[in-house]
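Start at 1 and go down the list; that is how both ligands and their atoms are numbered.
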Amino acid sequence: MDKDELIERAKDPRYIRGIYNYCDRWCERCTYTFRCLNYAIGEEQIDDPEANDISNEKFWQQLSDVFEMTRELIQDTAAETGIDISAFDPDAVDREKDIESQADADLLSHISEKYYESVDEWFDRNAHLFDQKEDEMNRIRLISAKDNPEKEAAEIRDVIDIIKWYQYQIHVKIRRALESALHEEMEEDDFPRDSDGSAKVSLLGIDRSIDAWQVLASHFQETEDSIQPLVKLLGDLRRRAETRFPNARSFIRPGFDEEP
Ligand code: SF4
């Protein structure tokens with residue numbers, strides 16, 4: 001697909017513009033796949049085994065086409081907005097480095113980092129519990145035709161999937177929110193703030209993770225003491241993120257927060 005074809009496809013009213021900018025990227029669970037151009041393009045590539053094979057020329061050709069298309073789109077946008085991208089600004093590199101270091105040093109970054117590390121440690125420490133649970137469920141299956149442990153197993157699997165899906169994303173989105181906020185300090189405009197949108201995605205991940213941990217704790221009573229510190233950490237992160245980004249919760253994400 002070339003640039004013109006992409007622009008043409010993006011005009012299709014079936015697609016919600018920019019919906020993929022503030023989603024959680026969990027396409028398997030997304031109810032908007034039909035309205036997402038990003039998803040449609042991804043599916044077309046999945047359907048083509050040659051385009052997914054790193055040893056196939058088609059894979060590299062497609063990657064090269066994507067870079068070329070991105071370059072052309074940036075050039076067009078720069079021309080439309082009167083920005084000269086050929087003019088190298090040496091200060092810009094230093095500014096970017098400075099923004100990255102400030103975001104790195106931010107307490108929100110540290111807390112979200114601590115969270116994803118602690119989640120890995122928790123699963124390493126408690127892996128045996130899942131084996132025990134499986135044995136227990138197999139026993140129930142043998143002794144009772146009436147009790148159905150499948151439902152409990154499905155619920156446990158579901159909350160673990162949720163915790164793992166957001167484990168790193170919470171940090172990534174908080175980082176992006178912090179960096180965007182620093183960029184926005186230098187730009188005076190009335191556009192919706194990327195920092196708020198990114199913080200909202202992180203907050204929603206925190207909400208879902210807290211609920212998931214609580215459900216997990218209800219299935220493994222013996223883990224309650226080890227789960228509570230993680231929930232507390234997330235609660236602390238949520239409170240601080242809401243204070244830092246007071247408009248995040250009211251940010252309107254394309255598609256998800258709009259009337260159908
Ligand atoms: S909007 Fe939905 S389908 Fe599109 S990238 Fe995000 S999660 Fe996937």
Subject >> Partners meeting side-chain hydrogen bond (donor to acceptor under 3.5 Å, both in side chains) with Q214 (sequence neighbours left out) >> reply: none
Subject >> Aromatic ring proximity, centroids under 6.0 angstrom, Y22 and F256 >> reply: no
Original post:
Between R208 and Y166, is NZ or CZ placed under 6.0 angstrom from the six-membered ring centre and within 45° of the ring axis?
Top reply: no
Subject >> With Y20 via side-chain hydrogen bond (donor to acceptor under 3.5 Å, both in side chains) - residues at least two apart >> reply: none
**OP:** Tell me, please, which residues at least two apart from N21 pass side chain to side chain contact (heavy atoms under 4.5 Å, CB included).
**Re:** none
Original post:
Near atom 2 (Fe) of ligand 1, which protein N/O/S atoms are found at less than 2.8 Å?
Top reply: C30 SG
Original post:
Does W213 use its side chain to pair, donor to acceptor, with the backbone of V159 at less than 3.5 Å?
Top reply: no
